[in-house]
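So the structure is just underneath, and the comments pick up after that.
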Amino acid sequence: MERRSPPSRRALTQATIAWAGLHLRRTLRRRGALLALVVLPIAAALLRWVADAPSASAARILLVYPTPLLALFFASGALREEIEDRTLTYPFTRPVPRSWLYYARLAAHLGPLLLAVVPSLALVAGDLGELVRFTLTAAAASLAYGAIFALFGALSRSASWIGLGFLIWEHGALRVPGFVQDLSLLTYVHGLAGVSVDIGFLGLLGADLPGVARALAVLLGVAVVATALGGRLVERREIALER
Amino acid sequence: MTAPVAVHGVRKLFGQVRALDELDLELGPGVTGLLGPNGSGKSTLIKLIAGQLRPDAGVVRLWGRDPFTCPEVFADLGICPEQDRFYEDLRGRELVAALTRLQGFSAADARARADRALERVGMATYADKRMREMSRGMRQRTKFAQAIAHDPALVLLDEPLSGTDPIARADLIALIRELGDEGRCVLVSSHVLHEVESMTREVVVIRHGRLRAQGDITRLRTLLDDRPYRIRLGLTPSDAATAPEADVRRLAAALLGRAQIKAATIVDASALEITTTDLDAACLEIPALARDLGIALASFTSPDADLESLYRYLIQR
């Protein structure tokens, strides 16, 4: 029997994009995604206009709590879901590199996160400058946290617990001034958004926060490195074996 | 020409358990049945061939390339995995088209191929049901469709008939034979022996992760010359004057004079069971001998020449 010639890179790229689109539609149809898409903007609007919170405070709350939590909810399942459902054999026996399929799943899971977080942050902005800053921060934070939690999902079946532990560390480190604070992504989120760190009864901390360029570089750098690590891991590990 | 599937010296460990041990295997075009009891390593072998696992020792090659590191070979591979798991919210047609699209076809081409494959497995009418709404048989057929929609030269089928009703089973067996006749290399894992026998004469038997036998069922059986065949002969009385048991006795006595006949047992008044080391010679000589003695044979069967007896023998050995 005649063998098929291998598909071109272009055809495989298009196929991967279509695969990401299919999973984005699937993710958006889920109750959790729909809830996030509705509840988060409503919460943002309530904070801004009903509770009359200053834009910086409202943005800080949205960036520090729901954004990383939603990233954990959506992104940790990017690959983990396929592993648990044992559906990975179907895409992983196609001529598309496995890392591409991982990126496609990650993109599909980051979609609803961005759709929920970015408009919510845009809603609390007080002026055009804040609008740009907040939406940029929301996008960068979603990408960084999403990539990290997706990597946890590729690494371990306890991705949610590991992710929660990571978030506790994030909040703890944020409240310790000095180099420890620099180890928390939330520091860069605050720096990029231009909002002070709320350290409870000790008040607000803002003097040592990183500038916009450094904060953006760190968040995007983390997103790129975590995504690349996830892709490499998927290429090299016998992931389909796990149950 | 490079064999579609070549497995050499493969060992696969899961912790302390050796799932496969020093396995050597080459598969060419046509249908090959992969047989072995539960836990013998059948699914592990299929996962290794499909690049889902990496061997701890030895090599697995598809057309000379490592399936774990070269996804390009999957352009010519179709797999029907053992697990009954799907993207449950998708419709059958949508699922098959999406997976066919991942083979690098355009959206329209993938849809057309998905429709053809679904038609071929008898799912055209039900293809718009969601996977979670389908019966086990429909799911199995859909799983089959996604494995063949892109016309692969190599098809791996892990227990493809499980959960199917008798009609679906007959249809899928016919389809598997058809795929083999088209020149594809088809590896079918099953523990339902008569189903494998109805698909192919070519089998691979593994046990405890080791290859026990590979080849044509009849040829394998002849190689096992340390275990003779049984042949059961049914007689019809040659004339009303002779008692049927007399014919049975006469034939038994005549047969015992032949070198290759090791034993003859009278089962009842019209049946005789003999044991021989040379099935081919017995097939030629016994009918001729019966004719010379004026005895009519009503039946001539060998319960040991079928796959089940071969399998039982290889597994218990």
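Sequence lines set the chain letters: A, B, ... in the order given, protein chains first and strands last, and positions in each chain run from 1.
- Only the side chain of Arg98(A) has a heavy atom closer than 4.5 Å to any heavy atom of chain B.
- Using a 4.5 Å cut-off between heavy atoms, Leu154(B) makes no contact with chain A at all.
- Interface remark: Glu182(B) contributes backbone atoms only to the contact with chain A (heavy atom separation under 4.5 Å).
- For the set Glu72(B), Glu88(B), Arg101(B), Lys143(B), the count of heavy-atom pairs under 4.5 angstrom toward chain A peaks at Arg101(B).
- Only the side chain of Glu82(A) comes within contact range of chain B, judged by heavy atoms closer than 4.5 Å.
- Residue Ile79(B) touches chain A through its side chain alone, counting heavy-atom pairs closer than 4.5 Å.
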Step-by-step side chain to side chain contact (heavy atoms under 4.5 Å, CB included) determination, Asp151(B) to Arg113(B): CA-CA 9 Å; Asp151(B) 271 328; Arg113(B) 283 173 173 273; 3.6 Å; yes

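- For Arg29(A), the part sitting under 4.5 Å from any heavy atom of chain B is the side chain, from C-beta outward, and nothing else.
- Below 30°, between 30° and 60°, or above 60°: for His23(A) and Tyr87(B) the angle between ring planes is above 60°, a perpendicular geometry.
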Side chain to side chain contact (heavy atoms under 4.5 Å, CB included) assessment of Gln214(B) paired with Leu27(B): CA-CA 10 Å; Gln214(B) 181 183 7; Leu27(B) 299 176; 4.0 Å; yes

Stepwise side chain to side chain contact (heavy atoms under 4.5 Å, CB included) test for Arg136(B) and Asp84(B): CA-CA 8 Å; Arg136(B) 180 81 197 274; Asp84(B) 180 41; 3.5 Å; yes

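- Heavy-atom pairs under 4.5 Å with chain A peak, among Gly183(B), Gly104(B), Ala75(B), Pro29(B), at Ala75(B).
- For Pro81(B), the part sitting under 4.5 Å from any heavy atom of chain A is the side chain, from C-beta outward, and nothing else.
- Contact of the Ile49(B) side chain with the Leu187(B) side chain is registered, since non-hydrogen atoms from C-beta on lie closer than 4.5 Å.
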Candidate pair Val188(B) and Val196(B), rule side chain to side chain contact (heavy atoms under 4.5 Å, CB included), full reasoning: CA-CA 8 Å; Val188(B) 191; Val196(B) 171; 5.6 Å; no

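- Among Pro97(A), Pro6(A), Pro7(A), the residue making the largest number of heavy-atom pairs under 4.5 Å with chain B is Pro7(A).
- At a threshold of 4.5 Å between non-hydrogen side-chain atoms, the residues Leu45(B) and Leu25(B) count as touching.
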